[in-house]
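Just dropping this structure here.
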Number of protein chains: 2
Amino acid sequence: MRKIYHLAVEATLDIIRGKWKLRILCHLGNGPLRTGELRRLMPGISQKMLTQSLKDLENAHIVNRRSYNEVPPRVEYSLTERGMSLRNILLEMSDWGTALVKEQQEEGDDVKILNTNDDGFRNMGNEDK
Amino acid sequence: MRKIYHLAVEATLDIIRGKWKLRILCHLGNGPLRTGELRRLMPGISQKMLTQSLKDLENAHIVNRRSYNEVPPRVEYSLTERGMSLRNILLEMSDWGTALVKEQQEEGDDVKILNTNDDGFRNMGNEDK
DNA sequence: CAGCATCCCGAACGATACTG
DNA sequence: CAGTATCGTTCGGGATGCTG
């Protein structure tokens, strides 16, 4: 099945499409994580969406999936080189978004960003509320 | 109604969310356009989606709506300063997306970008197929 | 523990008809 | 010509149960 984009930007957006992929990438930016760890870092995500999102990212060679043949099963995910390069773009989008929200707040809009770390996308770290 | 983002990047993505906003911004990058002109540049878009997308962009202060009191009605849309600054981000995303698709094609993926201008997002110009 | 399959709901999108 | 209103469809996403 052929994928057709009207603009190159759409190819980039296609990678991070959906509700959870960004946050997954954000967490993986701090280093490899197991499935269960990702799950705990993102309360609210369903098993289905986690698996599905990770599979999409793996197919796009953004994350690496490493499966250890152990009992119980153990699977680790990490960023690929391509994933790391995407991170740079996301950092710029993060900066722009931060500035935008600040302006919107000054304009009186009722908007908020939960993760207000200084380094934005670089290090999410803290928990979701 | 409060808007809550987990990451600042999501605020940026929220601006260009949807099927048509990117392409609208792309066309407006070449200069102001009337409603009907935008419509003709994007065959396939419905009256509803065009109006709705433009309204969203206007509310976010990304595009400017100028209405002339004439008969027949005449309305022109253009990029705001904020819209212009967004454009810079989109250009980087475009470059990254272009490189990505190129790699994907080399990997054998069946993927294509319709608008293959050298300047990517900078000047869409040609028609949609 | 990690992943798959199924069902269900709501938001986004599309088609059409109508108004100033 | 530009915009509104309404209706129907599609698709992303949530909940749950089952398998290796």
Side-chain angles (χ1 to χ4, degrees), chain A residues 1-7 10 13-25 27-28 32-60 63-78 128-129, chain B residues 1-7 9-10 13-25 27-28 32-60 63-78 128:
Chain A
M1 195 191 85
R2 156 163 279 191
K3 266 192 181 177
I4 296 187
Y5 302 112
H6 286 270
L7 302 169
E10 293 172 356
L13 289 174
D14 198 27
I15 296 288
I16 56 178
R17 156 179 300 168
K19 188 173 179 178
W20 300 99
K21 299 217 184 86
L22 271 177
R23 290 167 67 187
I24 291 175
L25 292 179
H27 285 300
L28 288 182
L33 288 172
R34 296 185 54 172
T35 313
E37 291 174 321
L38 278 170
R39 218 178 175 309
R40 248 175 296 114
L41 286 168
M42 295 180 292
I45 193 173
S46 67
Q47 181 61 249
K48 173 194 172 185
M49 289 315 294
L50 180 56
T51 309
Q52 190 180 100
S53 303
L54 285 169
K55 193 179 296 182
D56 286 349
L57 291 171
E58 191 197 354
N59 289 337
V63 307
N64 215 322
R65 182 197 138 105
R66 179 155 186 193
S67 172
Y68 301 82
N69 278 8
E70 301 176 1
V71 182
R74 171 192 172 89
V75 179
E76 266 191 5
Y77 293 91
S78 56
D128 305 326
K129 300 290 162 42
Chain B
M1 193 193 85
R2 157 162 280 193
K3 264 191 183 178
I4 296 188
Y5 302 112
H6 285 270
L7 301 170
V9 202
E10 293 172 356
L13 289 174
D14 199 28
I15 296 289
I16 56 178
R17 157 177 301 168
K19 189 174 179 178
W20 300 100
K21 299 216 182 88
L22 271 178
R23 289 167 69 186
I24 291 176
L25 292 179
H27 285 300
L28 288 183
L33 288 172
R34 297 184 54 173
T35 312
E37 292 174 320
L38 277 170
R39 218 178 175 310
R40 248 175 296 114
L41 286 169
M42 296 180 292
I45 193 172
S46 67
Q47 181 61 249
K48 173 194 171 185
M49 289 314 295
L50 179 57
T51 309
Q52 191 179 99
S53 303
L54 285 169
K55 194 178 294 182
D56 286 348
L57 292 171
E58 191 196 355
N59 289 337
V63 308
N64 216 322
R65 183 197 136 106
R66 180 156 187 192
S67 172
Y68 301 82
N69 278 9
E70 300 176 2
V71 182
R74 171 192 172 89
V75 179
E76 266 191 5
Y77 292 92
S78 57
D128 304 327

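A, B, ... follow the sequence lines: proteins, then strands. Residue 1 opens every chain.
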Going from NZ on K19(B) to OG on S46(B), what distance comes out if it is rounded to the nearest 0.5 angstrom?
->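 One gets 9.5 Å once the value is rounded to the nearest 0.5 Å.
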Separation of dA12(C) atom P from R17(B) atom CZ, nearest Å, is 7 Å
Check: Would you say a side-chain N or O of S67(B) is under 4.0 Å from OP1 or OP2 of dA2(D)?
Finding: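 Indeed not, no polar side-chain atom of S67(B) lies that close.
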Comparing K55(A) with P72(A), nearest DNA chain C nucleotide closer to 5' gives the residue P72(A)
Between atom CG in D14(A) and atom P in dC11(D), what is the gap in whole Å?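 These atoms are roughly 15 Å apart.
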| said: Quick test of your reading of the model: are E76(A) and R74(A) salt-bridged, counting only N-O distances below 4.0 Å? | reply: yes
Among side-chain atoms of D14(B) and Y5(B), is any donor-acceptor pair under 3.5 angstrom?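 Their side chains do contain a donor-acceptor pair, which is all the 3.5 Å distance test asks for.
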Can you tell me the distance, in whole Å, between the CG atom of L50(B) and the P atom of dT4(D)?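 To the nearest whole Å, that distance equals 11 Å.
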Under 4.0 Å, counting only non-hydrogen atoms across every strand here, what does Y68(A) touch: a base, just sugar-phosphate, or nothing? nothing
* Indicate yes or no: at least one non-hydrogen side-chain atom of H27(A) is less than 4.5 angstrom from one of E37(A). => no
Assuming nearest nucleotide by heavy-atom distance, tell me which of T35(B) and I45(A) is located more 5' along DNA chain D.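 Per heavy-atom nearest nucleotide, the more 5' residue is T35(B).
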Query raised in the report: Over how many whole Å does the gap from R74(B) atom CZ to dG20(C) atom C1' extend?
Result: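 From R74(B) CZ to dG20(C) C1': 19 Å.
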Picking from dG13(D), dC4(C), dA15(C), the nucleotide nearest the side-chain atoms of S46(B) would be dA15(C)
Find the distance K19(A):NZ to dA12(C):P and express it as a whole number of Å.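 Going from K19(A) (NZ) to dA12(C) (P), I get 12 Å.
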Rounded to whole Å, the CD-P distance (Q52(B) to dT4(D)) equals 11 Å
In whole Å, I'd like the distance from the CE atom of M49(A) to the C1' atom of dA5(C).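 Those two atoms, CE and C1', are 15 Å apart.
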| query | Does any non-hydrogen side-chain atom of M42(A) lie less than 4.5 Å from one of L50(A)? | reply | yes
At under 4.0 Å, does any side-chain N or O of R34(A) touch on OP1 or OP2 of dC1(C)?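 Indeed not, no polar side-chain atom of R34(A) lies that close.
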Distance in angstrom units between R66(B) CZ and dC1(D) P, rounded:
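The answer, rounded to whole Å, is 21 Å.
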- prompt: Of V75(A) and K48(A), whose nearest nucleotide on DNA chain C comes first from the 5' end?
  reply: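 Nearest-nucleotide comparison on DNA chain C picks V75(A).
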Report which part of the nucleic acid Q47(A) touches: base, sugar-phosphate, or nothing (heavy-atom distance under 4.0 Å, all strands).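 Base, at least one base atom sits under 4.0 Å.
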